[in-house]
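Only one structure is covered here, and it is reproduced in the block below.
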Amino acid sequence: FEMYHILMCGASSPNPSGMTTFLEQVEASRDPFAGLFGGGEKLVHSRSRIGNGFPITPMTLGVLVPTRMAEFATPYTDLLDYDVFTRVDDALRGGVAPHPAILALQPSMVAWLEALAASRENKKAEAKAKKDKKAAKAAAPAEAAPVTPGSDTPEPEADTGKRGLATIAVRECVVPGVPFHSEHFLDTEFAGDSMLGLYLLALAAFASEQKLGGGSARGYGRFSLRTTIHTSEGTFDALQLGADGKYTPNEKVESISRAIDAWNAYAADVTAAKLEAIFSCAQAA
C-alpha cells in the first residue's frame, strides 16, 4: 500500500518515519522517479519544482509572468465566463454530450419564469376542478350507475415536469483562448537524463488526456500546450502534437531523444523491491 500511495500521490506519505540525512537524500535523488516526484516514508525531497499557471495579461506581466511573454498577452479584462444550462439525466442525454446550453440567458429566464407561473396556475386550476367534481359527486343522489369496461381506470396525471431551479445550473469557466504561463525546474544533477525523460513522458500523457480542471466529462478542460525546454545544450520545443491529437516528446531533438532512451533503459529493469529500497533510503544504510 505504501508504494502504491507513493506512485499515485508523489511527495507525501500517510506514515512518515522520521528525517533523513543529507547523504540519504542525495542517494535517493539518483533515482529518476524519486528525484522527480519525491515522497515516501522518508519524505524524499523532489528535485523538481512545478510552478503555478498564471494568465498572461498586462496586469501579470513583470509581476507573475516574465515580460518576455508579452507577445502572448490576452486583451481580455474579464477572464471568467458563466455557462448556464439545463440539467438532463445522463442516461437521457446519451453518452457524454454536454448539457443543453442556454445561450440567450435573459430571454430564456423570462420564458422560464412565465412557464413556471403558468404551470403553477394550471396545477391550481386542476386541483380546484377535482375538488369541485368531488363535491358535486357527493351532493348528487346515489344511483346505481352501470359499470363500463375501464371505468375504474385512474385518469392520467397532468404533466408535472420539473420546472424548478434544480433543473438549471451555472458553471464558472475560463474564457476560451486565455493563455497561461507556467515554469517547471528540474535538477537532473544526480538522476541525469532519465529523470528528464520521465518528466517529458508524464507531461505528454497529461496534455494528451485533455482534462484540466473540473467538468472534463462535460466538455470542459480542453487546452493546447506549447512547451519550450531550456538546457545547457540550447532551447528546444519539448513536445510535438501529432495528427491524432496526442502529444509526444520531440525526439527529433538529440538531448530529448537521449533522455527518453535513458528512461526506457531504467524502466526496463526497475522493480517494486528496488523502489521500496530507494524510498526507504535503505540503499544508503
Separation between CD (Gln210) and CZ (Arg222), nearest 0.5 Å, reads 6.5 Å

side-chain contact (heavy atoms from CB on, under 4.5 Å) between Phe190 and Glu27, worked out: CA-CA 8 Å; Phe190 300 112; Glu27 194 62 29; over 6 Å; no

Exactly one of Thr235, Leu186, Leu196, Asn250 should register a side chain to side chain contact (heavy atoms under 4.5 Å, CB included) with Ile229. Which one does? Leu196

Report yes if the side chains of Asp193 and Asp261 come closer than 4.5 Å at any heavy-atom pair, otherwise no. no

The residue among Glu183, His181, Met59 that forms side chain to side chain contact (heavy atoms under 4.5 Å, CB included) with Val65 is His181

Would you mind reporting whether Ile260 and Leu201 have side-chain heavy atoms less than 4.5 Å apart? yes

Closest non-hydrogen contact found for Pro66 with Leu61 is O-CD2, 3.5 Å

I'd like to know whether CD of Glu233 has more than 12 heavy-atom contacts from other residues, nucleotides or ligands below 6.0 angstrom. yes

Taking only Lys NZ, Arg NE, NH1 and NH2, and the carboxylate oxygens of Asp or Glu, determine whether Glu251 and Arg258 approach each other closer than 4.0 Å. no

Going by an N to O cut-off under 4.0 Å, is there a salt bridge joining Glu126 and Lys123? no

From Glu24 atom CD to Ser280 atom OG, the distance as rounded to the nearest 0.5 Å: 9.5 Å

Find out if a path of hydrophobic residues (ILVMFWY) with successive side-chain heavy-atom gaps under 4.5 Å connects Val174 to Phe54. no

Measure across Ile256 and Pro249 and return the closest heavy-atom pair with its distance rounded to 0.1 Å. CG2-CB, 4.1 Å

Using side-chain contact (heavy atoms from CB on, under 4.5 Å), reason through Thr57 and Tyr76 one step at a time and then give a plain yes or no. CA-CA 8 Å; Thr57 70; Tyr76 300 133; over 6 Å; no

Any chain of hydrophobic side-chain contacts (each under 4.5 Å) joining Met195 to Phe206? yes

Lys274, NZ atom: more than 12 neighbouring heavy atoms under 6.0 Å: yes

Would you give the length of the straight line joining atom CD of Glu114 to atom OG of Ser119, rounded to the nearest 0.5 angstrom? 13.5 Å

Is it true that, when you exclude Arg49 itself, more than 12 heavy atoms of the residues, nucleotides or ligands shown sit nearer than 6.0 Å to its CZ? no

Distance, nearest 0.5 Å, that separates CD of Glu276 from CD1 of Ile278: 10.5 Å

In the single-linkage hydrophobic clustering (I, L, V, M, F, W, Y; side-chain heavy atoms under 4.5 Å), do Phe223 and Leu239 co-cluster? yes

Heavy-atom check, side chain of Phe185 versus side chain of Ile50, under 4.5 Å: no

Taking the side chain as every heavy atom from C-beta outward, state whether Lys252 and Phe236 have any atom pair closer than 4.5 Å. no

When hydrophobic residues are tied together by side-chain contacts of less than 4.5 Å, even through go-betweens, does Val178 share a cluster with Leu64? no

Side chains of Phe33 and Val270 in contact at under 4.5 Å (non-hydrogen atoms): no

Find the distance between OH (Tyr247) and OG1 (Thr227) and round it off to the nearest 0.5 Å. 8.5 Å

Do His230 and Thr228 meet the criterion of a side-chain donor-acceptor pair at a distance under 3.5 Å? no

What class does the angle between the rings of His184 and Tyr199 fall in, given that below 30° is parallel, 30 to 60° is tilted and above 60° is perpendicular? perpendicular

Is the backbone of Leu80 close enough, under 3.5 Å, to the side chain of Asp78 for a donor and an acceptor to pair up by distance? no

Would you check if Arg47 and Thr188 make a side-chain contact, meaning some heavy-atom pair closer than 4.5 Å? no

With side chains defined as the heavy atoms from C-beta onward, is the minimum distance between Thr74 and Leu79 less than 4.5 Å? yes

Might you point out which heavy atoms bring Pro32 and Trp263 nearest each other, and give the distance in Å? CG-CZ3, 4.0 Å

Applying the 4.5 Å side-chain criterion to the ILVMFWY set and letting contacts propagate, would Leu225 and Met69 be lumped into a single cluster? no

Could you measure the distance from the NZ atom of Lys130 to the NZ atom of Lys134? Nearest 0.5 Å is fine. 11.0 Å

Which atom pair, heavy atoms only, marks the closest approach of Cys173 to Tyr220? CB-CE2, 4.0 Å

Decide yes or no for Asn52 and Ser182: does some side-chain heavy atom of the first lie under 4.5 Å from some side-chain heavy atom of the second? no

